[in-house]
There are 2 protein chains.
Amino acid sequence: MKVLIVEDDPLHRSYLHEAVNAALPECDTVIEAENGTAGEKLARDHKSAHIVMDLQMANRNGIEAARTIWKERPETRILFWSNYSDEAYVRGVSRIVPDGAAYGYVLKSASDERLKLALRSIFIESQCVIDREVRGLQQKSLGQTNGFTDSEYEILVDIALGLTDRAIAKRRGLSLRSVQNRLQQLYDKLDVYQTAGDDHEDGRFNLRARAVTVALLRKLLNYSALERAEAELQEWLDGK
Amino acid sequence: MKVLIVEDDPLHRSYLHEAVNAALPECDTVIEAENGTAGEKLARDHKSAHIVMDLQMANRNGIEAARTIWKERPETRILFWSNYSDEAYVRGVSRIVPDGAAYGYVLKSASDERLKLALRSIFIESQCVIDREVRGLQQKSLGQTNGFTDSEYEILVDIALGLTDRAIAKRRGLSLRSVQNRLQQLYDKLDVYQTAGDDHEDGRFNLRARAVTVALLRKLLNYSALERAEAELQEWLDGK
DNA sequence: CAATAAGCTGCGGGTTTACGCAAGACGGCG
DNA sequence: CGCCGTCTTGCGTAAACCCGCAGCTTATTG
């Protein structure tokens with residue numbers, strides 16, 4: 001068995017290396033990549049079936065890399081190993097995992113033991129292992145209770161990118177008014193109407209901008225999500 | 001000599017611990033904190049004069065911690081050790097360093113050698129050591145060439161927080177029109193006027209929202225800067 | 001000191017947002 | 001089938017935003 005490690009940080013990389021060796025005696029080769037681009041290449045060259053992947057890398061983040069890898073070989077098993085459990089990441093990952101694929105999401109703060117267990121479960125038993133904390137988010141986000149609909153999330157991203165209502169309407173194939181309706185839902189859920197100081201005249205926020213900030217502060221959005229969204233936007237713009 | 005290490009990640013923490021031991025034989029005690037809050041407390045209790053501090057920690061980030069520490073004892077020497085050289089961090093740090101204080105900014109990607117040198121220079125020789133890459137940013141940012149004025153940066157933050165023009169005017173003691181002037185400068189510098197697809201009717205951005213996103217993508221802003229700004233905003237709101 | 005530069009401010013108007021109101025459209029469900 | 005909730009769309013309005021124009025106040029400089 002061969003395992004590919006894709007991880008930015010040299011310290012974490014060597015820690016992972018050791019953890020893999022310890023947890024998987026049946027693994028004879030470990031290869032390492034230090035960013036997403038290199039990771040994709042190695043995965044392709046080695047036809048890797050077992051990957052441990054960091055999210056949040058400078059060059060090309062884990063979600064992007066995983067997406068292209070899974071596109072080429074959907075049965076690849078990937079364990080995401082991340083510092084954070086931002087809803088943006090969780091949503092980003094579950095957006096790209098192919099049907100029936102085995103994958104995992106473990107936080108870097110997890111114990112050695114838990115990491116080892118996850119490695120065995122995913123790579124040997126083909127089971128999905130999702131960190132408890134992450135799992136919570138996932139449910140909240142997918143079950144719409146208290147969470148955001150996909151359409152709401154979509155608009156959130158669109159205004160975060162700085163599109164006008166009209167542009168959003170065009171992009172999503174809606175009328176102007178519908179876009180504005182969704183915006184209102186969004187403002188509602190994000191609770192952006194706080195009086196901002198005193199209730200009276202000067203206390204209001206710019207809802208549009210405020211919504212984005214609140215979403216960022218709540219980790220509904222993060223840098224990597226913006227980055228991806230921006231790339232998609234450019235693609236769409238080029239496509240016409 | 002005593003050294004305090006404030007760092008989230010256990011791996012990095014122990015790496016730092018070793019590095020300190022290796023670089024500073026004259027150091028007899030090393031204490032560790034795993035977040036900003038604990039760091040502040042330890043610094044106070046031990047009257048620490050030598051600190052290595054991570055930026056970007058979950059509980060309370062390095063800039064906040066450093067600020068209160070320096071407020072209590074401005075002659076403290078602090079070495080910031082960070083993953084990133086975002087302009088937002090650089091600006092945040094140089095905003096809080098007291099006159100004449102010795103401090104350093106070294107990236108985690110730096111070699112062991114460089115880290116050791118920095119430790120000795122700052123803690124023993126009381127010199128400032130700024131990573132080359134960071135230094136570049138600093139100059140660009142402070143020398144206004146191609147960089148942003150403080151007042152422009154201020155407005156950027158204000159719209160990022162979601163304030164209305166009027167609210168900004170009140171907060172900064174300006175007229176509405178002046179605020180809008182600054183906004184225009186900002187839009188100009190951020191180059192937000194890109195036609196977004198086709199030049200004609202539907203292709204425009206919402207400048208306000210777009211400016212924030214562009215700033216984020218360019219690392220002029222980042223999560224931690226937003227977090228701090230939001231805290232300050234709340235303070236101001238409470239203060240009236 | 002005059003002159004040029006840079007920033008603040010009011011005025012005015014064109015555009016975009018936020019949103020109430022109300023009329024369809026679609027999909028269950030008893 | 002008729003009722004109901006959710007989603008979409010158009011119309012209309014008040015507010016906010018973007019910005020050109022022009023008069024004023026401070027610095028900076030030769």
Side-chain angles (χ1 to χ4, degrees), chain A residues 143-145 147-156 158-197 199-215, chain B residues 143-156 158-197 199-214:
Chain A
Q144 60 277 54
T145 331
F148 290 75
T149 327
D150 280 343
S151 66
E152 283 158 358
Y153 188 75
E154 219 170 42
I155 298 242
L156 173 58
D158 284 341
I159 59 170
L161 286 173
L163 295 174
T164 60
D165 292 5
R166 203 195 313 276
I168 301 178
K170 189 148 294 183
R171 186 175 184 201
R172 305 297 181 188
L174 292 173
S175 80
L176 214 167
R177 189 61 180 88
S178 294
V179 171
Q180 296 174 329
N181 267 339
R182 290 189 171 174
L183 279 176
Q184 277 181 258
Q185 288 178 243
L186 186 68
Y187 297 155
D188 224 33
K189 286 212 186 172
L190 285 176
D191 191 24
V192 170
Y193 296 100
Q194 306 157 32
T195 32
D199 39 318
H200 65 289
E201 93 289 297
D202 65 301
R204 214 110 92 265
F205 281 119
N206 176 316
L207 299 179
R208 185 172 274 250
R210 184 66 182 166
V212 176
T213 308
V214 170
Chain B
Q144 61 277 56
T145 330
N146 196 333
F148 290 75
T149 327
D150 281 342
S151 67
E152 283 159 357
Y153 189 74
E154 218 170 42
I155 298 235
L156 173 58
D158 284 341
I159 61 170
L161 286 174
L163 295 174
T164 60
D165 292 4
R166 201 193 316 271
I168 300 177
K170 189 148 297 186
R171 169 128 107 128
R172 304 298 181 188
L174 292 173
S175 79
L176 217 168
R177 189 61 181 86
S178 294
V179 170
Q180 297 174 330
N181 268 339
R182 290 188 171 176
L183 280 176
Q184 277 181 256
Q185 289 176 242
L186 186 69
Y187 298 155
D188 222 35
K189 285 212 184 171
L190 286 175
D191 191 24
V192 170
Y193 296 99
Q194 307 158 33
T195 31
D199 40 318
H200 64 289
E201 92 290 297
D202 64 302
R204 214 108 95 267
F205 281 119
N206 177 316
L207 299 180
R208 185 172 274 250
R210 184 65 182 166
V212 176
T213 309
V214 170

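These numbers were taken from a predicted model, which means no experiment stands behind them. Below, chains carry the letters A, B, ... as their sequence lines are ordered, and counting in each starts from 1.
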(request) Please list, by residue number, the residues of residues 178-188 of chain A whose heavy atoms come closer than 4.0 Å to an atom of DNA chain D; answer none if no residue qualifies. (result)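 DNA chain D contact set from residues 178-188 of chain A: A/S178, A/N181, A/R182.
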(request) Among the candidates C/dT17, D/dT8, C/dC8, find the nucleotide nearest to the side-chain atoms of A/T164. (result)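 That would be C/dT17.
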(message) Among residues at least two apart in sequence or on other chains, which ones pass salt bridge (Lys or Arg N to Asp or Glu O under 4.0 Å) with B/R182?
(response)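 Once residues adjacent in sequence are excluded, B/R182 has no partner under the salt bridge (Lys or Arg N to Asp or Glu O under 4.0 Å) criterion.
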(request) Name all residues meeting the salt bridge (Lys or Arg N to Asp or Glu O under 4.0 Å) criterion together with A/R172; count only those two or more places apart in sequence or in a different chain, and write none if there are none. (result)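 A/E154, A/D158.
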Integer-rounded Å distance: [N] [atom2] and [X] [atom1]:
{"X": "B/L207", "N": "C/dT17", "atom1": "CG", "atom2": "C1'", "answer": "13 Å"}
{"X": "B/R166", "N": "D/dA15", "atom1": "CZ", "atom2": "P", "answer": "10 Å"}
{"X": "A/I159", "N": "C/dA18", "atom1": "CD1", "atom2": "C1'", "answer": "12 Å"}
{"X": "B/N206", "N": "D/dA16", "atom1": "CG", "atom2": "P", "answer": "16 Å"}
{"X": "A/I155", "N": "D/dC7", "atom1": "CD1", "atom2": "P", "answer": "12 Å"}
{"X": "B/E152", "N": "C/dC8", "atom1": "CD", "atom2": "P", "answer": "11 Å"}
{"X": "B/R172", "N": "C/dT9", "atom1": "CZ", "atom2": "P", "answer": "14 Å"}

Which heavy-atom pair separates [X] from [Y] by the least distance, and what is that distance?
{"X": "B/L163", "Y": "A/F205", "value": "CD2-CE2, 3.7 Å"}
{"X": "A/L156", "Y": "A/L186", "value": "CA-CD2, 3.9 Å"}
{"X": "B/I159", "Y": "B/A211", "value": "CD1-CB, 4.2 Å"}
{"X": "B/L190", "Y": "B/V214", "value": "O-CG1, 3.8 Å"}

(request) Would you kindly check whether a donor in the side chain of A/R177 faces an acceptor in the base of D/dG12, or vice versa, at under 3.5 angstrom? (result)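 In this structure, the two groups form no donor-acceptor pair.
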(message) Looking at A/R204, I'd like to know whether one of its side-chain N or O atoms comes within less than 4.0 Å of OP1 or OP2 on D/dA16.
(response)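 Answer no for this pair, as no side-chain N or O of A/R204 is under 4.0 Å from OP1 or OP2.
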(request) Could you check whether B/L176 gets within reach of a base, just the sugar-phosphate, or nothing at all, counting any heavy atom under 4.0 Å? (result)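 Answer is nothing: B/L176 stays at 4.0 Å or more from every strand.
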(request) Mark yes or no for whether A/R204, through its side chain, and B/T164, through its backbone, hold a donor-acceptor pair below 3.5 Å. (result)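 No.
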